[in-house]
Undergrad: 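This is the structure I have questions about; it appears just below.
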Amino acid sequence: MLEFVFIQHPLFKPMRRYLLLRSYQSVLILKPDIEESRVDEALAKIGEFIKSNGGAILKTEKWGKKRLAYRVKKNRFGVYLNLYHTLEPSGVFDLEKKYKLFDLIIKFMVLHLADDELERALGRDEESDEAEGEKAAGEKAAGEKATAKNDEDKG
Amino acid sequence: MAETKKRSFFSSKICRFCNDDESKVYIDFHDIKALKPLISERGKIVPSRISGNCAKCQRLLTRAIKKARNIALLPFSVQH
């Protein structure tokens with residue numbers, strides 16, 4: 001069943017659109033100096049935001065603490081979260097407003113995903129995780145080798 | 001002859017994204033390892049003339065880099 005809704009947006013006149021669920025990706029940067037338990041709390045709260053706009057979270061990724069390429073609100077580091085979720089198109093503006101008001105989030109980006117992009121994103125998880133794990137292990141081994149070499153040089 | 005010499009000086013004229021197969025190309029904005037080599041020291045996007053990417057991939061790449069810049073994964077500019 002398709003229904004008509006009026007999309008409320010301050011920049012555009014009300015438009016008549018079909019009410020459908022579309023898939024989105026939200027990338028959020030949280031404050032760097034918070035504990036992991038607070039990250040989970042924030043995730044729960046963000047889940048409520050999305051639910052209140054008629055969507056559901058499909059997948060969450062924690063990219064962890066990363067160095068930012070430039071300062072954001074005087075922070076040099078940030079905790080990255082990546083969410084794949086559905087949403088009513090009329091709720092995007094509301095969701096962005098809630099992100100803006102949520103004090104733990106220092107920067108965010110909401111992207112609309114095409115179907116093939118979403119499929120790829122959801123299918124990617126296990127393989128990439130494994131690959132990353134292997135890579136990390138490889139890097140660790142390389143690092144150990146390097147340190148060992150350094151020790152030899154010193155010795 | 002001169003042209004080929006010049007070309008070999010930079011890099012081979014092979015698109016590094018769609019070279020292998022003809023399936024649809026995806027360039028993720030969060031895949032920084034793939035994007036980093038295509039950015040100059042100043043943070044500018046390297047032109048396809050130099051990197052050798054095909055026009056279609058260069059367009060996708062540009063979009064990916066701009067998204068990455070927006071979410072602070074890549075710099076807008078590097079200060080000296």
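Per chain, numbering begins at 1; letters A, B, ... match sequence-line order.
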Undergrad: A:Ala69 and B:Pro75: which non-hydrogen atoms are nearest, and at how many Å?
TA: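 Heavy atoms of A:Ala69 and B:Pro75 come nearest at CB-N, 3.3 Å.
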Undergrad: Do A:Val110 and A:Phe93 belong together in a cluster built from hydrophobic side chains that touch within less than 4.5 Å?
TA: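 Hydrophobic grouping puts A:Val110 apart from A:Phe93.
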Undergrad: Which of the residues A:Val72, A:Asp116, A:Leu28, A:Leu111 is involved in the greatest number of heavy-atom pairs with chain B at under 4.5 angstrom?
TA: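 Ranked by contacts with chain B, first place is A:Asp116.
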Undergrad: Using heavy-atom distances under 4.5 Å, tell me whether A:Val27 contacts chain B through its side chain, its backbone, both, or neither.
TA: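 Answer is both: backbone and side chain atoms of A:Val27 are under 4.5 Å from chain B.
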Undergrad: Report which part of A:Tyr80 has an atom under 4.5 Å of a heavy atom belonging to chain B: side chain, backbone, both, or neither.
TA: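 Answer is side chain: those atoms of A:Tyr80 sit under 4.5 Å from chain B.
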Undergrad: Is B:Leu74 close to chain A through its backbone or its side chain, or both, or neither, when contacts mean heavy atoms under 4.5 Å?
TA: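 B:Leu74 touches chain A through backbone heavy atoms alone.
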Undergrad: Locate the shortest heavy-atom distance separating A:Tyr70 from B:Asn70; write the atom from each residue and the value.
TA: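 That would be OH-O, 3.3 Å.
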Undergrad: Shared ILVMFWY cluster between B:Ile32 and B:Leu61, side chains joined below 4.5 angstrom?
TA: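 B:Ile32 clusters together with B:Leu61.
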Undergrad: How many angstroms lie between atom CD of A:Gln25 and atom NZ of B:Lys67, to the nearest 0.5 angstrom?
TA: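 The CD atom of A:Gln25 sits 8.0 Å away from the NZ atom of B:Lys67.
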Undergrad: To the nearest 0.5 Å, what is the distance between CG (B:Leu73) and NZ (A:Lys66)?
TA: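 Rounded to the nearest 0.5 Å, the CG-NZ separation comes out at 5.5 Å.
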Undergrad: Should A:Trp63 and B:Leu35 be regarded as members of a common hydrophobic cluster, given that ILVMFWY residues are connected when their side-chain heavy atoms come within less than 4.5 Å of each other, either directly or indirectly?
TA: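 Yes; B:Leu35 is reachable from A:Trp63 via cluster members.
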Undergrad: Could you see if B:Val25 belongs to whatever hydrophobic cluster contains B:Leu38? Use Ile, Leu, Val, Met, Phe, Trp, Tyr and a side-chain cutoff under 4.5 Å.
TA: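 Both belong to a single hydrophobic cluster.
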Undergrad: Side chain, backbone, both or neither: which part of A:Ile29 has an atom under 4.5 Å from a heavy atom of chain B?
TA: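 For A:Ile29, side-chain heavy atoms alone lie under 4.5 Å from chain B.
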Undergrad: Going only through I, L, V, M, F, W and Y residues with side-chain contacts under 4.5 Å, is there a path from A:Leu104 to A:Ile50?
TA: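 Cluster IDs for A:Leu104 and A:Ile50 match.
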